[in-house]
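The next block holds one structure in the form of structure tokens; read it before the comments.
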Amino acid sequence: MAAVAIEQLGKRFGTTTVLDGVDLAIPDGAFAVLVGPSGCGKSTLLRLIAGLEQPTSGRIRFGERDVTDLQPRERDIAMVFQSYALYPHLTVRGNLGFGLMLKKVPKLEIAERVAEASRMLGLDGLLDRMPKELSGGQRQRVAMGRAIVRRPGLFLFDEPLSNLDAALRGQVRVEIRKLHEQLGTTSIYVTHDQVEAMTLADVMFVLNRGKVEQAGAPLAVYERPKTRFVAGFLGSPSMNFLDGTLVSERGAWFVDVAGQRVPIDAGAFTKLVHGDAVTLGVRPHDAILRPAESGALELVLTFVEQLGGETYVHGSILGSPFVVRVEPTVSVQAGATVHVTFPSERVHLFARTTGNSLRC
Amino acid sequence: MLDGFSARPGGGWCRHCVLALLGVLLLLGFSTSAWARPVRLWHAYRGEEQRALEEVIATTRVGAVDVLAIPSDAYAAKLAAAIPLGEGPDLFIDAHERLGDYVRQDLVGELAFDPTAYVPAAVSGVTIDGRTYGLPLSRKCVALYVNRALVARSPEWLEDLAPNLRQPLPPGHVLLAYENISAYYHAPWLAAFGGRFLQNGDSFGFVGEAAERSLLLAKSWLDQGWVLGHADGALVTQFFRAGRAAYAISGPWLAGDLHAEGVPYDVVPLPKLRATGLVMRPLLTIEAVMASPNGARSSAALALALELAGADAARVRMVRAHVVSARSDVVPLDDPQLQGFQAAADLAEPMPTSAAMRAVWEPSEKALRKVLNGTAEVRPALLEAERRFRDVRRPGPPPASRTGLLMVVGMILVFAAFSLVKRAREPEFRARLRASVPAYRYLAHAVCALGVLVFAPLCAGAVIAFTSGRPGASEYVGVANFREILSARGGPLFASGSFYFVLAVTVAWTLLNVAFHLGIGLTLGVLLSRPLLRLKAVYRVLLILPWAVPSYVTALAWKGMFHRQFGALTALFLQAKHWGIDVEPIDWFARFSTAFTANLATNVWLGFPFMMVVTISAVTSLPSEVLEAAEVDGATRWQRFTKIILPLLRPSMVPAVALGAVWTFNMFNVVFLVSGGEPDGETDVLVSEAYRWAFTRQAQYGYAAAYSVLIFALLFASTRLAARLTGKVVA
Ligand SMILES: Nc1ncnc2c1ncn2[C@@H]1O[C@H](COP(=O)(O)OP(=O)(O)OP(=O)(O)O)[C@@H](O)[C@H]1O
Ligand SMILES: [Mg+2]
């Protein structure tokens with residue numbers, strides 16, 4: 001088991017730069033999640049860590065060991081693939097024991113370790129089946145089992161849940177977390193699902209266009225997104241953004257959104273300059289619907305999404321789309337005009353030119 | 001009326017029927033109006049001879065003549081197919097030695113003529129049992145070509161060939177070039193000792209003292225390096241044309257290849273042998289115009305035949321094509337070469353027309369080759385040849401009673417009818433049948449085509465296997481052919497040429513080939529599917545090339561490479577000697593092991609690209625993540641190959657291997673063209689053996705067909721067995 005340290009890792013395919021100076025530091029035993037939109041280079045990063053691709057620049061270290069130039073089999077890792085990549089010609093037992101067999105582990109010990117892993121994952125009745133005779137969820141478990149049996153120093157997961165249905169996904173997510181607690185092995189988990197990222201991660205890395213936009217504990221990242229991209233990417237439905245201009249009047253700061261003034265808590269921000277173009281961000285559950293009030297923004301409702309436990313009302317404020325979460329008891333109708341306010345301490349501010357957060 | 005039909009929608013069927021009917025009527029009309037049509041003449045001439053024939057035809061007084069040139073290798077088969085149907089020619093030009101067969105198959109009619117105008121040998125050539133079956137046109141035989149640049153005087157005696165040289169031959173030259181492993185060219189040597197291949201009464205002549213002495217002489221000439229070894233026609237031409245042979249024994253065809261070349265040469269009759277005082281008489285072929293039974297009754301055809309065989313036409317042929325006439329009243333031109341050939345022809349002995357002659361060549365040639373290779377003593381080799389001749393000439397099995405056949409067929413029919421009725425009784429069967437009628441409609445074309453193109457010939461072949469299957473006389477003989485084959489014709493069960501020996505060779509041949517194909521194909525296929533390989537497409541194209549070249553071209557090229565004296569391999573060995581590596585040139589086709597290796601090498605070259613292509617496509621479709629998973633799981637490159645790639649390729653490779661095995665089992669081209677069964681027929685596989693029974697040994701089609709049925713049964717059984725075994729393993 002080891003910490004993983006990645007320095008200035010770059011990867012180009014021909015002329016396309018996929019990764020551009022990525023730095024990661026994952027403490028020993030941590031569950032790290034790489035999250036980002038499709039095509040941002042998550043899988044590529046994971047494959048570099050696994051040794052399935054060679055980096056164009058930068059180093060990868062597992063603990064004290066520099067593994068950058070090592071073959072995958074010399075890195076002491078196990079990987080769970082998105083497609084599971086089970087060996088189609090081997091039974092579940094054969095799949096689980098394959099890595100150990102290659103290492104010439106004695107038969108008896110293989111049997112023991114396979115039995116142990118299959119108990120952990122509930123694969124007991126399936127050991128003599130072929131992969132094609134399994135359901136998607138069962139295959140996923142076998143893929144996990146194959147990784148566990150080898151007791152590697154590092155687990156790599158590439159979107160292991162994306163082929164499962166929503167209910168199963170939730171269930172397996174919990175199991176993965178439990179397994180991690182049990183085994184304590186350093187893990188790197190790639191996903192583009194931010195719920196998975198939030199629930200699983202000890203440490204989360206948000207990737208965008210081949211760069212790490214923000215790293216940290218998931219809640220911290222969620223609460224204090226450093227860029228507009230991170231703010232918009234985490235949270236569902238995602239954060240609402242309104243463009244405006246900073247206005248300072250008699251010591252108080254506002255954001256002028258097309259004539260309406262939204263007060264902000266100046267103490268929470270730095271580098272506020274009168275007249276600067278900014279983007280104001282509010283999460284749907286931080287906005288409050290009001291019947292009618294001065295200083296509130298007018299929201300024209302387009303439709304209402306009732307999910308049972310909560311309701312989202314969709315509309316637009318001065319042409320920008322806007323979503324507000326309300327209690328299911330509140331009754332509103334599409335086409336109506338309502339007013340929205342938000343507590344000033346829940347407001348995020350980003351410089352419009354750079355997208356960086358103005359929070360201090 | 002036709003318009004009326006076609007205007008109706010859906011009238012297509014009716015129109016086709018009407019057209020077909022009209023076609024049939026037209027055909028009938030044509031064949032009944034035979035009296036009005038031109039005389040039909042077939043020939044297989046090319047070049048000058050064809051032009052000479054056309055010139056004669058152009059000035060004929062007979063009237064309309066319809067001339068058709070047929071490729072010579074298909075000639076006899078075409079005649080045999082067309083004449084019995086009345087579709088063949090009235091007249092055709094062919095070599096006299098085929099007359100025996102033609103008479104037996106009723107393909108020729110008697111042509112009476114005045115024999116005094118022709119050379120007696122020519123007349124005797126076209127005479128069978130006192131009747132004449134053709135008008136002699138020309139005579140062809142081999143003569144001695146003398147390279148005047150190297151030879152001072154044309155020799156009269158064989159022993160003078162060397163003394164008559166202007167000076168000793170420089171290295172790289174030979175004294176005499178002739179096709180020494182061909183029985184046809186050995187005939188003059190035999191004649192010099194008073195022997196012949198076929199004695200009167202159709203008994204085998206290539207045995208006894210004359211034969212032995214002729215072989216010893218030929219071998220001593222070869223052993224002393226006077227004669228070009230293992231020469232075929234191309235090599236003889238090449239040597240003589242390049243001025244590297246002082247003498248050559250060849251026919252007029254060599255002169256055709258020499259024309260514009262610079263080698264000055266004379267053509268003289270073959271010399272005499274001092275030891276016996278006898279002339280080396282070559283075999284004489286008489287080209288004659290023959291008439292089909294229909295043609296023999298047509299006065300126009302007869303008139304044309306007489307004209308073609310007349311003195312004027314002979315002169316045209318002589319001037320145009322330098323052909324020696326068969327007439328006694330045509331004075332040869334003042335052309336030394338033509339006179340040389342004429343003198344040679346005057347000494348030559350007409351090739352026997354008896355069908356037995358066809359059974360002579362193969363055993364004689366085998367004995368000749370074995371002796372020249374030094375792999376057999378003279379006397380045993382000749383005795384074996386005689387035994388083989390007798391074996392081939394053995395009368396066919398007696399006609400069998402048909403009751404057995406009728407009972408078996410009857411039982412099968414009853415059984416089939418019974419099960420059909422039983423099936424038809426089931427109500428759901430009828431429902432299913434009705435439901436699948438549209439499917440049958442779609443399949444009908446394909447089934448008909450397959451039936452006509454595959455199934456019918458197969459059944460016809462199977463039927464022939466139960467007959468004696470000899471041209472002219474074919475009776476039902478029951479399972480006699482199979483019994484003969486399976487009992488090795490009464491000889492030792494595992495001797496060269498017996499069914500079991502050939503089967504063992506065939507099985508070894510198949511297993512080794514498929515192993516090599518698979519090994520090389522898989523390795524290259526896997527290597528070539530590596531994504532990072534540069535110039536992948538180039539390698540692929542290069543490696544698929546052996547497959548793209550027609551296999552007989554490759555086979556001939558490889559045969560050339562294995563030539564004992566002039567093959568690329570020998571050149572390589574000689575080169576190796578220069579570098580100090582001591583390897584002797586190998587006589588590849590003299591021993592079983594090396595001949596088999598030569599065949600194997602050729603067929604491996606031909607066969608691996610198929611496996612490679614199959615492998616490449618199979619590897620490309622392998623899921624790459626599975627391979628990566630194995631890599632992460634700790635598999636080395638080799639372990640990935642053996643533990644993942646191979647098992648995953650298996651489902652795609654099994655059918656390819658089955659297909660490859662069947663192809664190899666029946667690989668006729670390579671065996672026939674590279675080793676040709678040498679030595680002594682030991683490298684023949686079942687198909688080439690079947691071919692020999694059908695086409696070189698007295699046309700024993702029944703016997704050959706029985707071979708084919710056995711081959712089919714073996715392949716069918718083994719593929720079923722293999723399918724079951726692999727199916728079990730996969731499951
Ligand atoms: N072998 C390759 N050659 C060229 N470009 C590649 C290659 N592999 C990946 N890319 C490019 O690199 C970028 C990142 O790919 P990657 O697979 O890492 O994305 P990802 O973040 O895993 O996306 P997803 O969430 O959809 O799986 C993509 O734009 C992709 O087109
Ligand atoms: Mg991916």
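Residue numbers start from 1 in every chain, and the chains themselves are labelled A, B, ... in the order their sequence lines are given, proteins ahead of strands.
The neighbour count for Trp558(B) CH2, taken as heavy atoms of other residues, nucleotides or ligands under 6.0 Å away, is above 12. Environment of CD in Gln182(A): crowded, with over 12 heavy atoms of neighbouring residues, nucleotides or ligands closer than 6.0 Å. More than 12 heavy atoms of other residues, nucleotides or ligands shown are found within 6.0 angstrom of CZ on Phe641(B). Shown here is Arg12(A), whose CZ atom has no more than 12 heavy atoms of other residues, nucleotides or ligands within 6.0 Å. Around CZ of Phe429(B), the count of heavy atoms belonging to other residues, nucleotides or ligands within 6.0 Å exceeds 12. Atom CZ of Phe716(B) sits in a sparse spot, with 12 or fewer heavy atoms from other residues, nucleotides or ligands closer than 6.0 Å. Other residues, nucleotides and ligands contribute at most 12 non-hydrogen atoms within 6.0 Å of the OH atom of Tyr440(B). Around CG of Leu108(A), the count of heavy atoms belonging to other residues, nucleotides or ligands within 6.0 Å does not exceed 12.
Neither the backbone nor the side chain of Met130(A) comes within contact range of chain B; no heavy atoms are under 4.5 Å apart. With a 4.5 Å cut-off on non-hydrogen atoms, Leu52(A) touches chain B through its side chain but not through its backbone. Neither the backbone nor the side chain of Arg75(A) has a heavy atom closer than 4.5 Å to any heavy atom of chain B. Using a 4.5 Å cut-off between heavy atoms, Gln639(B) contacts chain A through its side chain alone, with no backbone atom that close. Contacts of Ser624(B) with chain A are absent, with no heavy-atom separation under 4.5 Å from either backbone or side chain. When heavy atoms are compared at a cutoff of 4.5 Å, Leu156(A) does not approach chain B at all.
With respect to the salt-bridge test (charged N to carboxylate O, under 4.0 angstrom), the residues Arg73(A) and Asp633(B) do not qualify.
Interatomic distance, NZ of Lys643(B) versus CZ of Phe98(A), reported as 7.0 Å (0.5 Å rounding). Here Glu625(B) contributes atom CD and Asp158(A) contributes atom CG; the two are 7.5 Å apart, rounded to the nearest 0.5 Å.
Heavy atoms only, all atoms of each residue included: Ala629(B) and Ala85(A) are closest at CB-O, 3.8 Å.
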- Worked check of side-chain contact (heavy atoms from CB on, under 4.5 Å) between Glu631(B) and Gln71(A): CA-CA 8 Å; Glu631(B) 208 176 335; Gln71(A) 293 289 316; 4.3 Å; yes
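Contact tally against chain B (heavy-atom pairs below 4.5 Å) for Ala147(A), Ala143(A), Pro88(A): the top residue is Pro88(A).
Taking 4.5 Å as the limit, some side-chain heavy atom of Ile644(B) sits within range of a side-chain heavy atom of His89(A).
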